[in-house]
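Notes to accompany the following structure.
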There are 2 protein chains.
Amino acid sequence: MNDPTPSPAASADDRRNAIIEATVESFGRLGYYGTSLQRIATEVGLTKAGVLHYVGSKEGLLDLALTETYDQQTVDIMAAMVTEERPLIAEMWRKVVAVNAARPALVHMFSTLSAEALDPAHPAHDYFARREHDTVANALNINWRVPDGVNVEHLLQAGFSMMDGLQLRWLRSPGRDLAAMWADCEDALMPLPLWEGYR
Amino acid sequence: MNDPTPSPAASADDRRNAIIEATVESFGRLGYYGTSLQRIATEVGLTKAGVLHYVGSKEGLLDLALTETYDQQTVDIMAAMVTEERPLIAEMWRKVVAVNAARPALVHMFSTLSAEALDPAHPAHDYFARREHDTVANALNINWRVPDGVNVEHLLQAGFSMMDGLQLRWLRSPGRDLAAMWADCEDALMPLPLWEGYR
DNA sequence: GTCTATATAACGATAGAC
DNA sequence: GTCTATCGTTATATAGAC
């Protein structure tokens, strides 16, 4: 009530969301280096200066896309597993797959930036290094139910690696179902009858 | 003898090799979009125009690095397996790992371009799409020795995906041994005693 | 909050001298 | 085979008007 400024064309929140959406798509398709402020600006109907008003600098786009967007949607999965008594690794992975299958643009961005950020000089290098470490470390704190003789750490490393590689294949094959592709991987990684009752 | 042109600073072949080396490193660290002709030129001691004399255009750098360099070193592995009577999948993968462990710069380039080229508009998109398909298709033509009940196609998809993801982790962890990391993955993907005698 | 205008630099590519 | 010079375009970022 009694807003001192005249109504803008869109609310600041809408602008931010539009910038995020355009950024996620552009980072996925062109990477950080391949993305220009002009591209984002054109996409959301602003000028470069207009976009910079929201994000400060090009690196601000990274923060917006990774910390503020990708991370927020991902934390919950592992949090849900902690509450279970003796959870199944296969079930966690199926949950991850279900979440990612519904957000291809974010997975695309993650995959592209993840490779680009192998370079220690990349502005997102530390983010991805820390994230990779935390993913396995967090999973190792859970008392998974697995068949006798299974090395949980090796299994987690193998499974998460497989998922990263599979997502690349998924993004390259238009129309394919990530969950179905992962089901085949699960069959290979956790073969029956050894994993009967454990997946 | 009686060379009509004055001796250049380096032979044309040396120039080409230097350009290839600089290109592979730059594509790996910065991707195709992040790489500039000026960067390559500086690295090999030429001007932009000098580099263009060798490669024609920026896309020529891609050809040089992928078709002419990466591919040449990779074909032999599968060719060696075809000669065997009933080869082991695990042995093929160990050979791939041994080759890749010795060429981190090429693996880095492959990983970065592979993600960047998910975009259908990327100049290397078709190369990677075809390559991914051919890798599995070629492997499926071989009469592998596997335990009863193993689905070879699922296993190959799972294993190659795992290798792609593992290589990203390897490139992010300075000093780690790819072969050792893969050995852990093999334990998870081909667990004993089921795979006793088959790996 | 969004714009225009500008600064400064880099981009890929070509023409043409040597 | 390698250079200089240049074209036309684009890049990130800032200043300041409105």
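Keep in mind that this is a model prediction, so the values were computed, not measured. Reminder, nothing fancy here: chain letters follow the sequence lines and each chain counts from 1.
For B:Leu37 and C:dA9, the CG to P distance is 21 Å, given to the nearest whole Å. Atom NZ of A:Lys58 and atom P of D:dA11 are 9 Å apart (whole Å). For the pair B:Gln38 CD and D:dT10 C1', the computed distance is 16 Å after rounding to whole Å. Going from atom CG of A:Leu30 over to atom P of D:dA11 covers 11 Å, rounded to whole Å. Computed from coordinates, the B:Lys48 NZ to D:dA5 C1' distance equals 11 Å when rounded to whole Å. Rounding to whole angstrom units, CD1 of residue A:Ile40 and C1' of D:dT10 are separated by 15 Å. Rounded to an integer number of Å, the gap from B:Glu59 CD to C:dG12 C1' is 12 Å. For B:Tyr33 and D:dT9, the OH to P distance is 21 Å, given to the nearest whole Å.
Not one side-chain nitrogen or oxygen of A:His53 sits closer than 4.0 Å to the OP1 or OP2 atom of C:dT2. Put simply, B:Arg15 has a side-chain N or O that comes within less than 4.0 Å of OP1 or OP2 on D:dT2. Of the side-chain N and O atoms in A:Ser36, none sit less than 4.0 angstrom from OP1 or OP2 of D:dT10.
Using five terminal pairs a side, the axes of the helix from C:dG1-D:dC18 to C:dC18-D:dG1 at its two ends make an angle of 0°, given in steps of 10 degrees.
Among the atoms of the strands shown, base atoms are found under 4.0 Å from some heavy atom of A:Thr47. Across all strands, B:Leu52 comes closer than 4.0 Å to base atoms (heavy-atom distances).
Ring centers of B:His122 and B:Tyr33: under 6.0 Å apart, within the cut-off.
B:Leu178 places a side-chain heavy atom less than 4.5 Å from the side chain of B:Leu166. Using a 4.5 Å cut-off on side-chain heavy atoms (C-beta onward), B:Asp164 and B:Gln167 make contact.
Listed here is the closest heavy atom pair of A:Val97 and A:Met163: CG2-SD, 3.7 Å.
Using a 4.0 Å cut-off between a side-chain N of Lys or Arg and a carboxylate O of Asp or Glu, A:Arg145 and A:Glu85 do not qualify as a salt bridge.
Each of D:dT12, C:dC3, D:dT4 was ranked by its minimum atom distance to the side chain of A:Ala49; first place goes to C:dC3. When each of D:dA13, C:dG1, C:dA13 is scored by its nearest atom to the side-chain atoms of A:Tyr54, the top-ranked nucleotide is C:dG1.
In the model, B:Gln38 has a side-chain atom that pairs as donor or acceptor with a side-chain atom of B:Thr42 under 3.5 Å.
Between B:Tyr70 and B:Phe110, the ring planes are parallel. Angles under 30° get that label, and only those over 60° would be called perpendicular.
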